Amino acid sequence: MDYYLQTLLIAGIFITLTLSLNLINGFCGQFSLGHAGFWGAGAYASAVYTVFYALPVPGPINMLIAIVVGFIAAAICGLIIGVPCLRLKGDYLAIATLGFGEIVRITIMMTEKVGGPRGFINIPHLANIFWVYAVAAIITLFMFNLKRSAFGRAIISIREDEIAAENMGVNLFKSKLFSFTIGAGIAGIAGALFAHTQQFLHPSNFNFMWSVIILVMVILGGQGSVTGSVIGAVVLTLVPEILRYIGGTIAEWRMTIFPILLIILMLIRPQGLFGAHELHFKKSGGA
Amino acid sequence: MSNTLPLLDLEHVTMKFGGLTAVSDVCIKVFPHDLVAVIGPNGAGKTTLFNTITGIYTPTTGCVRFNQNDLKNTKSSAITELGIARTFQNIRLFKNLSVLDNIKLAKHTRIKYGFWAGILRSKKFIEEEKKIELECIELLKLFGLAEKKDFYAKNLAYGQQRKLEMARALATGPKLLLLDEPAAGMNPTETKDLTELIHLIRDQFNIAIILIEHDMKLVMEIAEKIFVLDYGHLIAVGSASEIQNNKRVIEAYLGADIEGVL
């Protein structure tokens, strides 16, 4: 039972994480490879609050505060990295953000107070699966509504054509910085949930590989698609587990089969499962 | 029409890229409701001139004034807000967005609701969006694109894409519209429609228009005043007939020392 719960929990956290990267990568078109860094910053900051500075209030309220702390810490990181780096484009931005992600990880590793390379222990168990999915639902709604508002449109126009976007009166730098900061902040929220459900953090949770996995989830679901991000996160969390569940040779080779499945999917649908589309529940049609 | 203050005033504008002077000491005045053309051989600096007006480049020397505002250090997006809109020589639509969304985007600077109103879908947001959508569809109707509103911009025919780009520029609510080769790649029938459309736009929206164009028939037919650029220099200004008989213009286009041929 614990195993299923844990898998679902991780899937939920990854929904939030994938949505947050989709805001930066899918909506705004800024190629960021340091997303695990924001995740980690949020996780550690919120854990530092609950372990060392927790206020004498009931658990759920402390969890809310921890989420806010995670959001603010990661958003500040996003702002600090965004101001110089968002002047860069494409590959250069990817390299700069990659460097940032590693800086966060190494900084945590060197900080004795949060356990350094031994990991951060004794984090209170304040969140559970309900917290995780409530937050995922709120963020999903946030992204849906953002996409349909003028601010979302402006951000998406930057991905489509920067020069034309600026010519429509969109302030490029402000809009990019906005999506970068908010995207980082939401990753911080996912970090807070991760810290308070797992009760243990280790710097290796937030290394470069995880940035790539989140990116793969975004691309698999479809850049710019909110429903795509949700499905992408769930599918990518569950498929390796399902392969493990089948057992036998397949379980042994699952980490080989899994990338092959990804390659096949990218060959068939290079735009991701959903492209930039959304799943419609009420009315059909529409772009 | 030249009795009021100029809407756009270029004073001795020079634009240098390293050793290359793309635009050299150009003075142009455009008044409200003017319809003027900038012509010149390839590489004469016409598009560079547009780019200095819209803030993509800052002129090396000289100054660009719009409605008495010096545009120096004004961002491209802020210039749009002041009321200059443009189209591009190589169409720059938001290709993966719907036709309607392309136009809605152009209303960006006129949006009245705040960020949280959009996220929480407040009443104001819904009303504003409805109003914007109606305005956009009105505009699309004028360009004959209303029934294509849900198409992706990339799936429109070439001529329609050009029209959409013009509609999008107009949706920003400009006082001055810059058209960079609107007739490029169009057939004679489409060009004729375009001529009418440009007149219609000017009168209906009561704006000034500057166009860059290579189609001389179009230029001679609609431009009230023509500016001729050659190697970055302004070599002639005048009406269509004046330009047609200007010796320097003929030299610029056809070369010198061929007297008797013309």
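The basis for the numbers below is simple: all heavy atoms, side chains too, and nothing from hydrogens, waters or symmetry mates. These numbers come from a predicted model, not from an experiment.
Remark: B:T54 OG1 to A:E166 CD distance equals 9.0 Å, nearest 0.5 Å. Separating the CG atom in A:D161 from the CD1 atom in B:I91 is a distance of 12.0 Å, to the nearest 0.5 Å. The structure places CG of A:L172 at 7.5 Å from NZ of B:K75, a figure rounded to the nearest 0.5 Å. To the nearest 0.5 Å, atom CE of residue A:M168 and atom OG1 of residue B:T109 are 9.5 Å apart. With rounding to the nearest 0.5 Å, the separation of CZ in B:R86 from CD1 in A:I163 is 8.5 Å. Expressed to the nearest 0.5 Å, how far CG of B:L120 lies from CG of A:N145 amounts to 8.0 Å.
Listed in order of number, the residues of residues 164-172 of chain B that approach chain A to under 4.5 Å between heavy atoms are B:R168, B:T172.
Note on B:E129 versus A:R153: salt bridge recorded, some NZ/NE/NH1/NH2 to OD/OE distance being below 4.0 Å.
In this structure, chain B has a heavy atom under 4.5 Å from the side chain of A:I156, while its backbone stays farther away. Of the atoms belonging to B:Y113, heavy atoms from both backbone and side chain fall under 4.5 Å from chain A. Residue B:F115 touches chain A through both its backbone and its side chain, counting heavy-atom pairs closer than 4.5 Å. For B:F94, the parts sitting under 4.5 Å from any heavy atom of chain A are the backbone and the side chain alike. At a 4.5 Å heavy-atom cutoff, B:K107 makes no contact with chain A through either its backbone or its side chain. Using a 4.5 Å cut-off between heavy atoms, B:I111 touches chain A through its side chain atoms alone. Of the two parts of B:I56, only the side chain, counted from C-beta on, holds a non-hydrogen atom closer than 4.5 Å to a non-hydrogen atom of chain A.
The aromatic rings of A:F142 and B:W116 lie tilted to each other, with the angle between the two planes from 30° to 60°.
Among A:G224, A:G169, A:S149, the residue with the largest count of heavy-atom pairs under 4.5 Å with chain B is A:G169.
Within 6.0 Å of the OH atom in A:Y92, the count of heavy atoms belonging to other residues, nucleotides or ligands does not exceed 12.
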Does the side-chain contact (heavy atoms from CB on, under 4.5 Å) test come out yes or no for A:S157 and B:L105, once each step is laid out? CA-CA 8 Å; A:S157 76; B:L105 251 161; 3.4 Å; yes
